[in-house]
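In what follows, a single structure is set out as structure tokens and then discussed.
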Amino acid sequence: MTRSKAIITGATGGIGAVYADRLADRGHDLILTGRDLSRLSELADRLGRKTHVETIAADLDRADDLGALASRLESDASLTLLVNNAGIASGGRALSADLDEQERLIRLNVIAATRLALAAARAFAARGRGTIINIASVTALMPERFPPVYPATKAYLLAFGQSLAAELAPAGVRVHNVLPGATRTEIWERAGLSLDAFPAEMVMEVEEMVDAALAGFDQGELVTIPSLPDADDWQRLETARAALGPNLSRNRAAARFGLPTAA
Ligand SMILES: NC(=O)c1ccc[n+]([C@@H]2O[C@H](COP(=O)([O-])OP(=O)(O)OC[C@H]3O[C@@H](n4cnc5c(N)ncnc54)[C@H](OP(=O)(O)O)[C@@H]3O)[C@@H](O)[C@H]2O)c1
């Protein structure tokens, strides 16, 4: 039997590198991608003692690199898991942000993540099995507390992942949506931000975040928020959202607007 293989984007450090370590322990062969090949190779050397590791240098902001990775997802039949993790952050506020930087953020966090997830979705559905793990963020749930573009990219990813999960379940493909809170990685410094702005009790170590996300995965969660003590809190939010359903699209405006009633 061929071993299952996982592809992890953004594996050079942070959350992606810990997923790589944990998935190696779980018996997956690995494809590690990111831009920095020397850091990928260092990780591959370390994990090579546990499993077979391949590295692919890819800048997901480049259409050719993104297309090549999507093609690999489609053509490599041993791939059964995509960790859709690569992402960048920005502290850019609406009135002052560099617009090119904000577009770069959208291209990586939204366009690249979508392209890879859809390539994986089609390939895994055709093979009748597979898993896509999308790394979103709790900022998706509290956008007004952050500059606008980053949480919007993560809200997109959450909605995308929830819809994808519903469509793919009958095809035997699972979609797991992970919403980390503040986690100690390089993303903050790279975006010119500091984790020191948060009280220490709000910042999780990256190993603990990934271990909790994998525990949530093992428990069958669709959405995992690693620090949330009571999973029912999330379910209550989902129930309230579902309760809006019957009234979200109707043939008449609501009575509260006082419009004339139809003849
Ligand atoms: N840390 C947090 O507090 C936190 C909270 C919620 C969600 N998240 C999400 O978690 C994910 C991982 O972030 P992290 O915290 O682990 O940050 P990180 O340590 O900065 O890792 C980000 C990864 O993305 C890769 N990457 C960046 N730009 C890329 C590009 N153009 N093409 C290909 N790869 C690129 C980086 O590798 P190279 O530089 O080698 O390309 C790196 O491996 C992101 O989607 C982030 O939004 C993080």
Side-chain angles (χ1 to χ4, degrees), residues 5-26 28-73 76 79 81-91 101 104-117 119-120 131-137 150 153-154 157 176 178 180-195 203-214 226:
K5 195 187 293 176
I7 183 165
I8 304 169
T9 67
T12 41
I15 292 168
V18 178
Y19 262 102
D21 180 70
R22 301 314 195 247
L23 293 176
D25 288 340
R26 289 174 174 231
H28 291 272
D29 289 337
L30 299 174
I31 299 178
L32 308 178
T33 83
R35 289 167 303 178
D36 188 334
L37 189 56
S38 67
R39 287 183 70 182
L40 288 178
S41 300
E42 263 173 49
L43 182 62
D45 284 348
R46 187 162 60 77
L47 298 183
R49 286 178 227 128
K50 305 197 240 190
T51 192
H52 180 268
V53 187
E54 178 185 344
T55 56
I56 300 178
D59 181 345
L60 298 181
D61 197 17
R62 291 175 49 112
D64 49 353
D65 283 4
L66 180 58
L69 218 54
S71 299
R72 178 65 186 270
L73 269 160
D76 186 340
L79 274 169
L81 173 55
L82 164 67
V83 183
N84 210 4
N85 165 73
I88 51 176
S90 164
E101 186 204 354
R104 204 161 41 248
L105 185 77
I106 294 168
R107 283 199 301 275
L108 188 64
N109 293 11
V110 173
I111 308 283
T114 301
R115 176 76 184 267
L116 295 177
T131 299
I132 298 166
I133 298 177
N134 288 324
I135 309 298
S137 161
Y150 178 79
T153 66
K154 296 301 182 176
L157 203 56
H176 185 218
V178 180
T183 307
R184 197 176 309 285
T185 70
E186 289 167 39
I187 199 169
W188 297 87
E189 207 181 317
R190 286 178 181 219
L193 301 167
S194 172
L195 270 176
V203 181
M204 195 176 286
E205 297 303 324
V206 64
E207 292 81 6
E208 187 163 341
M209 198 295 286
V210 173
D211 287 336
L214 284 167

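Numbering of residues begins at 1 and proceeds along the displayed sequence.
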Please walk me through it: do L37 and T55 pass side-chain contact (heavy atoms from CB on, under 4.5 Å)? CA-CA 8 Å; L37 189 56; T55 56; 3.8 Å; yes
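- In this structure, A136 and P180 approach most closely via the heavy-atom pair O-CD, 3.4 Å.
- Within the 4.5 Å cutoff, the side chain of E207 has heavy atoms near those of the R22 side chain.
- With contacts defined as side-chain heavy-atom distances shorter than 4.5 Å, the pair L116/L66 qualifies.
- Considering V18, T33, L23, I31 in turn, L23 is the only one that fulfils the side-chain contact (heavy atoms from CB on, under 4.5 Å) rule with I8.
- Inter-residue side-chain proximity for L214 and R26 is flagged as met; some heavy-atom pair is nearer than 4.5 Å.
- Within the model, atoms NE2 of H28 and CD1 of I7 stand 13.5 Å from one another, a figure rounded to the nearest 0.5 Å.
- With values rounded to the nearest 0.5 angstrom, L193 atom CG is found 10.5 Å from Y150 atom OH.
- Among residue pairs with one or both ends in residues 42-51, those qualifying as salt bridge (charged side-chain N to carboxylate O under 4.0 Å, His left out) are D21-R46, D21-K50, D25-K50; sequence neighbours excluded.
- Closest of all the heavy-atom pairs between M209 and P226 is SD-CG, 3.5 Å.
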Working for side-chain contact (heavy atoms from CB on, under 4.5 Å), residues V178 and Y19: CA-CA 12 Å; V178 180; Y19 262 102; 3.7 Å; yes
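- Distance CD1/I111 to CG/L105: 11.5 Å, rounded to 0.5 Å.
- The distance from atom OG1 of T9 to atom CG of L82, rounded to the nearest 0.5 Å, is 6.5 Å.
- More than 12 heavy-atom neighbours from other residues, nucleotides or ligands sit within 6.0 angstrom of CD on E101.
- Contact record, G10 with A86: N-CB, 3.6 Å, taken as the closest heavy-atom pair.
- Considering every non-hydrogen atom in both A44 and V53, the closest pair reads CB-CG1, 3.7 Å.
- Of all heavy-atom pairs spanning A20 and L32, the tightest one is CB-CD2, 3.6 Å.
- No side-chain heavy atom of L43 sits less than 4.5 Å from a side-chain heavy atom of T12.
- Side-chain contact between T153 and I106: present, with at least one pair of heavy atoms (C-beta onward) separated by less than 4.5 Å.
- Between I135 and L157, the closest heavy-atom pair is O-CD2, 3.3 Å.
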Any chance you could lay out the side-chain contact (heavy atoms from CB on, under 4.5 Å) test for R184 and L195, step after step, and finish with the verdict? CA-CA 7 Å; R184 197 176 309 285; L195 270 176; 3.9 Å; yes
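- Pairs engaging residues 30-41 under the salt bridge (charged side-chain N to carboxylate O under 4.0 Å, His left out) rule: R39-E186 [sequence neighbours left out].
- Rounding to the nearest 0.5 angstrom, the gap separating the CG atom in L79 from the CG atom in D29 is 10.0 Å.
- Going from atom CD1 of I88 over to atom CZ of R104 covers 6.0 Å, rounded to the nearest 0.5 Å.
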